[in-house]
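Computed from a predicted structure; not experimentally measured.
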Amino acid sequence: MQTFLFLLELAGTVAFAVSGAVLGIEKHMDIFGVGLLGITTAVGGGILRDLVVGLTPPRAFQDPMYLLVALGVSVVLFFPFVRRLIGRSKRVFDTLMLLMDATGLGIFTITGINTAITLADCTDPLLLVFVGLLTGTGRDVLAGDMPYILRKHIYASASIAGGVLYLLLRPVWHGPGAILTGVLVVVGIRCAAAHFEWNLPRAKTVWKSDE
């Protein structure tokens, strides 16, 4: 089980590092900025989670491998020929990036909850869902955008749905099954929301400007 969780977290680190690095590239950052955004996207949510549930120092600093993997992936993606190898067209590349982002969100939502339960002995369902949600919040702030989870498609809601389902399945379905089901639900909702352009209702301005 530990090996399975390790490989899953490693896959999530790669997926979110790719997502963060590509955002930095699209913002025309230099190689340092691309690397920093890739690292922040990959491990930032885990650091916040650990601080919230009282795991100090955060696991990302106890084992630097995740930081190094995120940095390595970000630096490799900085070179244009690598991105051309990944996607022969912009459309294919964008689809792959959506899958990476959705996969990272799904993996870290569920493994974040599992870490809070197993390492911090956290049992509060509301707190567990919250720490699972923390994964997707740091990237866009550093890039100078409103956080993606607050403005575009179904994002945070996908994380919450997968987290709640995992908590319901965990007591009756031990092992990787409940974890993978939670991850797939997050990924499925996230990809469907992007494809069908599902959005939550947005607030509208009531008063006209005085100017």
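- When all heavy atoms of Cys191 and Leu99 are compared, the closest pair comes out as SG-CD2, 3.8 Å.
- For the atom pair Thr103 OG1 and Leu96 CG, the distance stands at 10.5 Å (nearest 0.5 Å).
- The CG atom of Leu23 sits 11.0 Å away from atom OG1 of Thr40, with the distance rounded to the nearest 0.5 Å.
- Met65 and Leu68 end up in different hydrophobic clusters when Ile, Leu, Val, Met, Phe, Trp and Tyr side chains are linked at under 4.5 Å.
- Taking hydrophobic clusters as Ile, Leu, Val, Met, Phe, Trp and Tyr residues chained together by side-chain heavy-atom distances below 4.5 Å, Ile113 does not share a cluster with Leu184.
- The shortest side-chain heavy-atom distance between Thr56 and Asp50 does not fall under the 4.5 Å cut-off.
- Linking ILVMFWY side-chain heavy atoms closer than 4.5 Å, directly or via other members, places Val53 and Leu126 in two distinct hydrophobic clusters.
- Rounding to the nearest 0.5 Å places CG of Leu105 at 9.0 Å from CD1 of Ile110.
- Leu10 and Tyr66 make their closest contact through N-CE2, 4.3 Å (heavy atoms, listed as atom of the first residue, atom of the second, distance).
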>> Show, in sequence, the C-alpha distance, side-chain angles and deciding distance for Phe16 and Val43, and conclude whether the side chain to side chain contact (heavy atoms under 4.5 Å, CB included) test is met.
In response: CA-CA 8 Å; Phe16 253 12; Val43 303; over 6 Å; no

>> Evaluate Arg190 against Leu98 for side chain to side chain contact (heavy atoms under 4.5 Å, CB included), listing each step before the verdict.
In response: CA-CA 9 Å; Arg190 175 72 193 99; Leu98 170 64; 3.9 Å; yes

List the atom pairs, donor and acceptor, that lie under 3.5 Å between side-chain atoms in residues 115-122 and the rest of the protein, sequence neighbours left out.
residue	atom	partner	partner atom	Å
Thr115	OG1	Arg59	NH1	3.4
Thr115	OG1	Thr111	O	2.8
Thr118	OG1	Asn114	O	2.8

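- Taking all atoms of both residues into account, the shortest heavy-atom contact from Asp101 to Ser19 is OD1-OG, 2.9 Å.
- Between Ile47 and Pro58, the closest heavy-atom pair is CG2-CG, 3.9 Å.
- From Leu168, atom CG reaches atom CZ of Arg170 across 12.5 Å, with rounding to the nearest 0.5 Å.
- You'll find the side chain of Tyr166 stays beyond 4.5 Å of the side chain of Thr181, heavy atoms only.
- Ile39 and Val82 fall within the same hydrophobic cluster, where Ile, Leu, Val, Met, Phe, Trp and Tyr residues are linked whenever their side-chain heavy atoms come under 4.5 Å apart, directly or through other members.
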Donor-acceptor pairs under 3.5 angstrom involving side-chain atoms of residues 71-80: please list them, not counting sequence neighbours.
residue	atom	partner	partner atom	Å
Ser74	OG	Ala70	O	2.8

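- Here the OG1-CG distance, from Thr3 to Leu8, works out to 12.0 Å after rounding to the nearest 0.5 Å.
- Remark: Trp173 CH2 to Leu180 CG distance equals 8.0 Å, nearest 0.5 Å.
- Within the 4.5 Å cutoff, side-chain heavy atoms of Arg83 are placed close to those of Ile25.
- Considering every non-hydrogen atom in both Val186 and Ala158, the closest pair reads CG2-O, 3.4 Å.
- The neighbour count for Phe4 CZ, taken as heavy atoms of other residues, nucleotides or ligands under 6.0 Å away, is above 12.
- Contact record, Thr109 with Ser159: OG1-OG, 2.9 Å, taken as the closest heavy-atom pair.
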